[in-house]
Amino acid sequence: MTRPTPSRILTGLLLFAVTGAAFAATQTVSSPNKRLTVHVSTDRGLSLAVRLDGQPVVEDSPVRLQLADSRSLGDDVAGATLRRSQHDATLSPVIKRKQATLRDHYHQLTVALPEFDLEVRVFDDGFGYRFVTRLAGSIEVAGEVIPLRFPAGTRTLFPEEESLMSHNERDYLDLELASISTDRFCSLPVLFTTPDGTRVVFTDADLFDYPGLFLRGTSGPALTAKFPPYPLAIEPAPGPGADRNVVITQTADFIARTDGTRTFPWRTFVISDDDRTLLTSELVFLLSRELEISDPSWIKPGTVAWDWYNANNITGVDFESGLNNDTYKFYIDFASRYGIDYVILDEGWSASTTNLFEPNPEIDVPELVAYGAERDVGIILWSLNEPLAKDREALFDLYQSWGVKGVKIDFMQRNDQLMVQFYHETAVAAAQRQLLVDYHGSFKPSGLRRAYPNVISYEGVKGNENNKWSADVTPRHNVTIPFIRMVAGPMDYTPGAMVNTQPGNHRISHFRPMGIGTRCHEIAKYVVFESALQMYCDSPSLYLREAESIAFMSAIPTVWDETRVIAATVGESIVIARRHGDRWYIGAMTNENSRDFTLPLDFLGEGSFQAVIMQDGVNAAKHAEDYRRQVRDVIATDQLKLHLAPNGGWAAIVTPTP
């Protein structure tokens with residue numbers, strides 16, 4: 001696809017200063033606000049150190065790109081030249097997330113050598129670095145040395161993995177960094193807290209044609225890079241699950257085979273001493289490549305009625321519910337009633353999980369598409385990645401001919417180079433046919449969605465579906481993931497549970513699942529959690545019985561013009577206000593501790609407003625479904641008193657009044 005002129009307004013000039021000789025042993029590049037400084041040293045090859053207000057955040061650490069032919073880019077930087085530049089622009093993303101417009105403001109230092117550059121780009125809320133190579137032909141990459149040495153006493157919230165074959169849905173273990181042995185490793189993003197309280201979220205951006213990065217312990221205050229090797233032979237896993245699980249039976253002694261002239265992924269550090277910054281950072285998006293779709297006007301974010309979580313358990317009807325047209329017409333009618341944009345047909349709609357060309361005998365997809373179109377509801381189809389990859393072009397042609405709006409692709413569960421290529425190639429093929437893509441069973445966002453905004457959401461998070469088989473998705477988990485996983489991009493967490501319990505009352509039930517936390521904790525997720533394709537996971541029958549809750553939730557949009565974080569502490573609580581058009585949406589969530597907040601409304605501006613409020617009921621600490629709906633008039637000088645029960649929440653929709 002041809003790359004269009006980027007949709008942005010330049011507000012500053014790119015400035016260069018070039019030296020023709022080797023520069024001093026250490027150079028510094030600072031953020032525009034001067035608080036964050038990155039020190040680039042060439043004393044013993046390339047290394048980086050980072051300071052915030054002069055205090056150490058990342059200790060001096062080597063930076064290397066290691067090739068399979070034993071060359072190590074960054075070992076010898078004699079004769080390097082230096083370029084400095086500044087950039088300030090305003091971007092308008094195709095699909096809004098936190099803001100309608102983003103400021104792309106940074107200072108850059110480039111260390112240039114004949115065969116490669118190291119680019120260091122520093123923003124107010126963090127920095128990134130990447131290698132840019134100019135090597136002849138094809139190369140094989142053996143690995144990287146990554147600067148992740150922290151001050152002694154640094155702690156981490158560590159999303160530990162047990163295997164490189166993973167859905168990347170992890171708990172966050174609170175560990176002292178030095179306690180992590182060399183046999184333990186984690187996926188990204190990962191959060192670090194230095195002894196002085198500075199937070200660092202580390203992840204990658206602009207990941208194309210290259211494996212995803214993991215981090216391994218060192219038994220010291222540092223982590224080191226770990227990559228999945230390049231697969232040479234892949235076979236279906238033996239036994240049950242062979243349609244969705246594979247075994248890599250042979251690997252190469254390198255991690256990537258790629259062009260020698262290219263840009264490599266940005267190693268991205270979001271850095272702040274204010275937890276609120278972690279909720280507003282767009283660093284991954286800003287560091288990723290620009291739009292590759294010539295006309296993205298067809299891409300429509302929205303809300304989704306989802307069947308798999310609730311196991312098609314609908315009641316009060318005169319037909320047997322299940323994987324059939326009558327059931328999905330019920331979902332479509334429900335979606336139409338509440339202005340929900342899409343219905344997903346999850347596993348079971350097709351003749352088999354490996355035959356994605358034919359519906360099962362009880363389902364007529366074109367008929368459901370037509371039925372939905374009459375009611376302004378689109379259809380999204382689920383598929384496994386392996387069968388899809390074998391017939392992607394033909395399947396996407398078929399789905400386009402049916403009028404399907406998108407695909408939910410599942411069970412990738414790998415981060416190696418070939419799988420990263422699958423994500424990219426699938427995004428391209430889907431965009432050519434105007435299909436949305438929701439990656440489930442996936443790694444986290446790493447920049448693909450900026451180039452291909454039809455990639456509208458990713459899972460890669462331990463979300464509500466885990467309620468079906470575990471008690472892991474606790475309110476503490478829910479007020480942790482926005483500060484780590486959501487920093488990378490949208491997360492398909494699938495909120496909306498209507499059977500709400502306090503932890504002591506929670507029971508595991510695969511076919512009638514329960515959520516942990518109060519009703520208002522669940523409702524507030526629609527404001528706090530970001531996904532341009534946001535699910536309603538529970539049964540339409542339950543929503544119809546809980547009319548106040550679904551009416552409120554379905555009025556919350558999935559993209560935002562403005563975001564303001566009122567209060568936030570990792571793992572403890574969040575109070576956030578987001579604007580869409582002339583309405584404000586406010587969400588508050590807490591962990592196992594009850595909390596009180598005073599919420600100033602000065603962001604409302606002039607005029608009078610009506611606030612519809614959903615708050616924990618008096619007895620929510622005992623019965624999590626207890627809530628109170630309140631309507632009141634407010635103005636910008638008012639302050640609201642918020643009381644959140646243990647594991648509780650609070651939400652409001654604030655609308656201007658004539």
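The basis for the numbers below is simple: all heavy atoms, side chains too, and nothing from hydrogens, waters or symmetry mates.
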Strictly distance-based, threshold 3.5 Å: is any side-chain N or O of [X] a donor or acceptor partner for the main-chain N or O of [Y]?
{"X": "R485", "Y": "P490", "result": "yes"}
{"X": "T494", "Y": "M535", "result": "no"}
{"X": "N591", "Y": "P475", "result": "no"}
{"X": "R184", "Y": "E160", "result": "no"}
{"X": "D538", "Y": "A497", "result": "no"}
{"X": "D307", "Y": "D346", "result": "yes"}
{"X": "Q502", "Y": "A620", "result": "yes"}
{"X": "N313", "Y": "S539", "result": "no"}
{"X": "D582", "Y": "T655", "result": "no"}
{"X": "T657", "Y": "S608", "result": "yes"}

Using the rule ring pair (Phe, Tyr, Trp, His ring centres under 6.0 Å), only one of Y493, Y585, Y536 pairs with Y526; which is it? Y536
For Y439, the option from W382, F411, Y458 that meets ring pair (Phe, Tyr, Trp, His ring centres under 6.0 Å): Y458
If you count heavy atoms of other groups shown closer than 6.0 angstrom to CG of D376, is the number above 12? no
Could you point out which residue of T198, D125, T277, D124 forms a side-chain hydrogen bond (donor to acceptor under 3.5 Å, both in side chains) with S272? T277
Partner set under side-chain hydrogen bond (donor to acceptor under 3.5 Å, both in side chains) for D243, not counting sequence neighbours: T353
Ion pair present between D275 and R199, side-chain N to carboxylate O less than 4.0 angstrom? yes
Can a salt bridge be assigned to the pair E522 and R519 using a cut-off of 4.0 Å between side-chain N and carboxylate O? no
Before we go on, tell me: are the rings of F334 and Y338 under 6.0 Å apart, centre to centre? yes
With sequence neighbours left out, which residue pairs that include part of residues 469-484 fulfil the salt bridge (Lys or Arg N to Asp or Glu O under 4.0 Å) condition? K462-D472, R476-E572, R476-E592
Gap between atom CG of N500 and atom CD of E625 - 0.5 Å precision: 5.0 Å
Drop me the distance from K329's NZ to N324's CG, to the nearest 0.5 angstrom. 10.5 Å
Please confirm whether R375 makes a cation-pi placement over Y371, using NZ or CZ under 6.0 Å from the six-membered ring centre and within 45° of the ring normal. yes
Answer whether the closest heavy-atom distance between the side chains of V473 and N464 falls below 4.5 Å. yes
Smallest heavy-atom separation, A645 atom then T518 atom, equals CB-CG2, 4.5 Å
Can you tell me if N168 and E161 form a side-chain donor-acceptor pair at under 3.5 Å? yes
